[in-house]
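Chain letters run A, B, ... following the sequence lines, proteins first, then strands; residues in each count from 1.
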2 protein chains.
Amino acid sequence: MIEKLLKSKKLRRTPFRKEVLGVFLNEPNAISVTDIEARLKQFDRITLYRTIKSFIENGLIHEIVMPGDIKKLALCPDECSSVNHVHTTQHMHFRCRMCENIFCLNLHEFPEINIPRFKVDSIEIQGTGICNICL
Amino acid sequence: MIEKLLKSKKLRRTPFRKEVLGVFLNEPNAISVTDIEARLKQFDRITLYRTIKSFIENGLIHEIVMPGDIKKLALCPDECSSVNHVHTTQHMHFRCRMCENIFCLNLHEFPEINIPRFKVDSIEIQGTGICNICL
DNA sequence: TCATTTATGCAACAATGTTGCGTTTTTGTT
DNA sequence: AACAAAAACGCAACATTGTTGCATAAATGA
Ligand SMILES: [Mn+2]
Ligand SMILES: [Mn+2]
Ligand SMILES: [Zn+2]
Ligand SMILES: [Zn+2]
């Protein structure tokens, strides 16, 4: 699984990358850099940042930012690649204000946004509230 | 105008706050901290950060974050207050990938998002593409 | 004008992320 | 299996962004 994923994105399969990707595959929701660090036995901070950057650039993971200095990372759907991340028109992000988890959620119908005289390439939707577990 | 705005949010009208608020009132779009700094003759960095924080907390301005370490600030609509920022269900944010400006745009109809078994309190919508000026 | 409350300015610190560079590892090819 | 080229790693140093504590100054209401 891990090997196959890295290979499909044409990324070299180093021990560290496999370990980091393993962390993502083990997490149901989006995670922060600190979360990743906590799940690694030992690591080099710089290498981790470069790993994350290359994962993002190659369509393996995507970044989620929300007001209040919240920055998280989550696995991409298969269709993402180095040329485009296709979350737009696919899924939205939801932050639960009780458990503070951030979910990637697939919407049954993704709203269409038209802005007069603007050309809209992509849309990101972020919600806050209470998740199904905390409710 | 500036005085009235500060007073309406019950903020003390210091010279520095008036100057910073003036910067926002002179800008059509969202601006970064660096943008603000560039428009001030002289300033103390710490005071600026505290000024921004108090403006946000009191519903004068709001923060806009987008993937790629983009963080900007923009004036709030009048209705915002310390208790709630009401942009959700009011306007969206759009980043033009040509001019890199970030616009606050009022949508004619703001989409309603329902997530089964989740309680949705607020929604933020962010678009990217090309603005009316660059088109 | 005065007392109280709040804001300012400086120093020090903290968190997060980047760049340069020599060494090591991966990979595709002999 | 051995080799050469390309890419990734790990360390040091640095950069950017934001915060906290505290003494001083300014704003406000009385
Ligand atoms: Mn997602
Ligand atoms: Mn806005
Ligand atoms: Zn929750
Ligand atoms: Zn534009």
At under 4.0 Å between heavy atoms, how does the protein contact nucleotides 21-30 of chain C? Give one character per nucleotide, 5' to 3', with B, S or -. -----BS---
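- Salt bridge Asp121(A)/Lys119(A): present, at least one basic N to carboxylate O contact under 4.0 Å.
- Rounding to the nearest 0.5 Å places CD of Glu19(A) at 10.0 Å from OG1 of Thr14(A).
- One can place CG of Asp44(A) at 17 Å from P of dG20(C), the figure rounded to the nearest angstrom.
- Cluster annotation: Phe118(A) and Ile70(B) are assigned to distinct hydrophobic clusters (Ile/Leu/Val/Met/Phe/Trp/Tyr, side-chain heavy-atom contacts under 4.5 Å, transitive).
- Protein atom CD of Gln42(A) is 11 Å distant from nucleotide atom C1' of dG10(D), rounded to whole Å.
- Straight-line distance from the CD atom of Glu19(B) to the C1' atom of dT8(C): 14 Å, rounded to whole Å.
- How far CZ of Arg45(B) is from CG of Leu40(B): 13.5 Å, rounded to the nearest 0.5 Å.
- Closest of all the heavy-atom pairs between Arg17(A) and Ser54(A) is NH2-OG, 3.8 Å.
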Measure all distances between protein nitrogen or oxygen atoms and nitrogen or oxygen atoms of nucleotides 23-25 of chain D, and list the pairs falling under 3.5 Å.
none

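- Separating the CD1 atom of Ile56(A) from the C1' atom of dT18(C) is a distance of 14 Å, rounded to the nearest angstrom.
- Look at CZ on Arg17(B): it is 8 Å from C1' on dT6(C), rounded to the nearest Å.
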All N/O donor-acceptor pairs, side-chain side in residues 108-117 of chain A, below 3.5 Å, sequence neighbours left out:
none

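- One end of the helix from dT1(C)-dA30(D) to dT30(C)-dA1(D) points its axis 40° away from the other end's axis, with each axis taken from 5 pairs and the angle rounded to 10°.
- The residue Lys53(A) sits close only to the backbone: its heavy atoms come under 4.0 Å of sugar-phosphate atoms, none of a base.
- The distance from atom NZ of Lys9(B) to atom P of dA27(D) is 22 Å, rounded to the nearest whole Å.
- Lys7(A) pairs by the salt bridge (charged side-chain N to carboxylate O under 4.0 Å, His left out) definition with nothing, not counting sequence neighbours.
- Two different hydrophobic clusters hold Val65(B) and Ile31(A) under the rule that ILVMFWY side chains link at heavy-atom gaps under 4.5 Å.
- Annotation: of the two residues near DNA chain C, Ser54(B) and Asp69(B), the 5′-most nearest-nucleotide partner is Ser54(B).
- The OG1 atom of Thr47(A) lies 6.0 Å from the CZ atom of Phe16(A); values are rounded to the nearest 0.5 Å.
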Restricting both atoms to N or O, compile the protein contacts to nucleotides 13-17 of chain D shorter than 3.5 Å, with distance only.
none

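- In this entry the distance linking CG of Leu6(A) with P of dA8(D) reads 11 Å, nearest Å.
- Contact between Cys76(B) and Gly59(B) at its shortest, heavy atoms only, is CB-O, 3.5 Å.
- When the C1' atom of dA26(D) is taken as reference, atom NZ of Lys18(B) falls 12 Å away, rounded to whole Å.
- A single hydrophobic cluster is not seen to contain both Phe94(B) and Met66(B); linkage of ILVMFWY side chains at heavy-atom distances under 4.5 Å, directly or through other members, places them apart.
- Under the 4.5 Å side-chain heavy-atom criterion for grouping Ile, Leu, Val, Met, Phe, Trp and Tyr, Ile64(B) is not connected to Ile123(B) through any hydrophobic cluster.
- Hydrophobic clustering, with ILVMFWY side chains joined whenever heavy atoms are under 4.5 angstrom apart, keeps Phe55(A) apart from Ile46(A).
- If you take CG on Leu105(B) and NE2 on His91(B), they are separated by 8.5 Å, rounding to the nearest 0.5 Å.
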